[in-house]
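Report on the structure given below.
Below, read A as the first sequence line, B as the second, and so on, with proteins coming before strands; counting in each chain starts at 1.
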There are 2 protein chains.
Amino acid sequence: MVPFYPEESKIYVAVDCIIFGFDNDGLKVLLYKRSFEPFKGKWSLMGGFVATYESIDDAARRVLYECSGLHDVFMEQIYAFGDVNRDPESRVVSIAYSALINIENYNNDLNKSMGASWWRINELPELIFDHRQMIEKALNRLRERCKNRPIGFELLPEKFTLPRLIKLYEEIYQKKIDKRNFRKKILSMNLLKRLDEKDKSTSKRGAFLYRFDKKKYNKLIEKGFHFEL
Amino acid sequence: MVPFYPEESKIYVAVDCIIFGFDNDGLKVLLYKRSFEPFKGKWSLMGGFVATYESIDDAARRVLYECSGLHDVFMEQIYAFGDVNRDPESRVVSIAYSALINIENYNNDLNKSMGASWWRINELPELIFDHRQMIEKALNRLRERCKNRPIGFELLPEKFTLPRLIKLYEEIYQKKIDKRNFRKKILSMNLLKRLDEKDKSTSKRGAFLYRFDKKKYNKLIEKGFHFEL
DNA sequence: CCAAAAGTGTTGACCGTACACCCATGA
DNA sequence: TCATGGGTGTACGGTCAACACTTTTGG
């Protein structure tokens with residue numbers, strides 16, 4: 001309403017990244033140990049200020065790249081957090097973004113240099129500010145997202161077995177899934193192509209490897225679909 | 001990551017409100033004619049800067065109050081818009097909020113003094129900045145929201161007829177709804193109490209008035225539910 | 001008495017869910 | 001040969017979608 005821009009009302013805008021990964025142990029987020037005060041030694045999400053020359057989406061991509069070395073990753077804005085005292089140091093509005101990465105592409109050497117480590121989503125440590133809430137919101141969004149998008153694409157390696165895919169969904173929803181029904185449903189979408197290879201790393205018999213059919217995948221997300229468990 | 005707060009990266013944070021209302025013509029949003037340059041005379045959402053002493057939620061409530069005189073309204077954060085040049089005047093990150101109001105509570109005299117008017121959601125004028133996108137996102141969220149919450153509560157007057165409720169859903173989803181199936185489904189939730197009154201304003205026979213059962217309503221949103229059309 | 005909106009049930013198709021046993025293989 | 005995880009089919013019940021006629025009453 002006010003036709004001028006009052007200099008004194010400028011404030012800091014930050015982005016914080018909730019980075020999800022999935023490995024043999026389950027679904028995890030990447031957290032960083034703060035190396036400076038306040039809250040030195042506490043765990044936090046990786047974040048950074050939005051510069052005046054970059055969009056908030058670009059800032060989120062930059063932060064993700066700086067801490068993981070990864071480009072071209074599925075990212076999504078989750079929510080803007082703007083309580084007055086969320087950061088006791090200064091007034092900061094922070095916009096949370098989630099990223100889904102294939103944990104095999106992530107260079108775990110970074111963890112030492114950055115003071116980072118992966119935490120299972122149901123065993124999180126104490127976190128600074130409102131970062132716990134950010135993760136909670138990101139998880140809920142992830143659960144919603146699964147209903148409109150075969151999200152496994154992002155979190156799994158190119159080739160994967162059905163038991164792994166089932167495990168992923170079990171982790172996301174934190175509940176047991178009937179494998180027969182799951183197979184029936186996911187295969188009926190004609191989204192997966194079975195390869196002539198087996199992964200024998202988890203059983204003697206071995207499980208067939210599958211790969212997403214990217215054409216079908218793109219068609220599906222275009223015209224929308226629904227995948228409920 | 002950076003343990004200091006660089007003064008020069010402070011930017012403006014604004015909120016913009018998508019105010020939804022529902023009347024005999026259908027689902028509408030409240031728009032304002034800009035009275036100052038740039039884009040004088042163009043239509044826009046009502047917005048305002050977030051002050052350093054208020055949370056972003058508070059800012060959204062304040063802006064809504066300033067332009068509508070309404071308190072205690074259902075509001076929800078939609079999305080943060082942060083392209084570098086979205087506002088050509090200055091770098092502004094704007095957080096869109098939607099509000100659902102009962103249009104009967106809104107004082108239409110305000111429209112003259114504020115240069116505001118209601119627009120049907122499928123007949124919107126040209127809008128400044130990214131406000132069109134904001135409305136689009138808010139509409140999509142509204143459609144999602146309907147699945148978890150009997151949203152009619154917010155947009156309808158206390159007493160309403162079933163044909164009105166059906167019309168509301170038809171407007172939100174922009175498609176025809178089978179009235180028999182709709183009645184069956186909504187009544188089976190035991191969420192509505194039929195009154196011994198009829199509204200004869202739209203037909204000779206008259207339609208029964210209903211009212212939400214707030215207790216049932218609260219129980220339902222607590223433990224979650226699903227209402228798909 | 002007629003126009004216009006309100007109200008009312010049934011059926012078939014499909015989908016989700018529950019559930020238990022055989023298979024392949026390395027050790 | 002046995003232990004371990006991988007893979008498979010069916011039957012039932014519930015939910016959703018399609019569909020047309022009767023009721024009321026003011027003008």
Q: Encode nucleotides 1-14 of chain C as B, S and - characters from 5' to 3', where the letter depends on protein heavy atoms closer than 4.0 Å: B to the base, S only to sugar-phosphate, - to neither.
A: --B-SBBBBB----

How many whole angstroms separate atom [atom1] of [X] from atom [atom2] of [N]?
| X | N | atom1 | atom2 | result |
| --- | --- | --- | --- | --- |
| His226(B) | dG16(C) | NE2 | C1' | 13 Å |
| Lys200(A) | dT4(D) | NZ | C1' | 13 Å |
| Ile166(A) | dG6(D) | CD1 | P | 9 Å |
| Asp199(A) | dG7(D) | CG | C1' | 15 Å |
| Phe182(A) | dG6(D) | CZ | P | 14 Å |

Q) How far apart are the C-alpha atoms of Tyr79(A) and Gln133(A), what are their side-chain angles, what is the distance that settles it, and do they pass the side-chain contact (heavy atoms from CB on, under 4.5 Å) test? A) CA-CA 10 Å; Tyr79(A) 201 75; Gln133(A) 272 181 72; over 6 Å; no

Q. Just by modelled atom types, is the Ser44(B) backbone N or O under 3.5 Å from a matching donor or acceptor in the His131(B) side chain?
A. no

Q: Take Lys176(A) and Glu170(A) through the salt bridge (charged side-chain N to carboxylate O under 4.0 Å, His left out) test and state the conclusion after the steps.
A: CA-CA 6 Å; Lys176(A) 201 97 197 91; Glu170(A) 286 181 336; 3.1 Å; yes

Which side-chain N or O atoms in residues 147-155 of chain B pair as donor and acceptor under 3.5 Å with protein atoms at least two apart or in another chain?
unit_1: Lys147(B); atom_1: NZ; unit_2: Glu144(B); atom_2: OE2; d: 3.3
unit_1: Arg149(B); atom_1: NH1; unit_2: Tyr217(B); atom_2: OH; d: 3.2
unit_1: Glu154(B); atom_1: OE2; unit_2: Tyr217(B); atom_2: OH; d: 3.4

Q) Between Ser201(B) and Asp199(B), does a side-chain hydrogen bond (donor to acceptor under 3.5 Å, both in side chains) hold up when you go through it step by step? A) CA-CA 6 Å; Ser201(B) 65; Asp199(B) 170 12; 2.7 Å; yes

Q. With a 4.0 Å cut-off, would you call Arg120(B) and Asp25(B) a salt bridge?
A. no

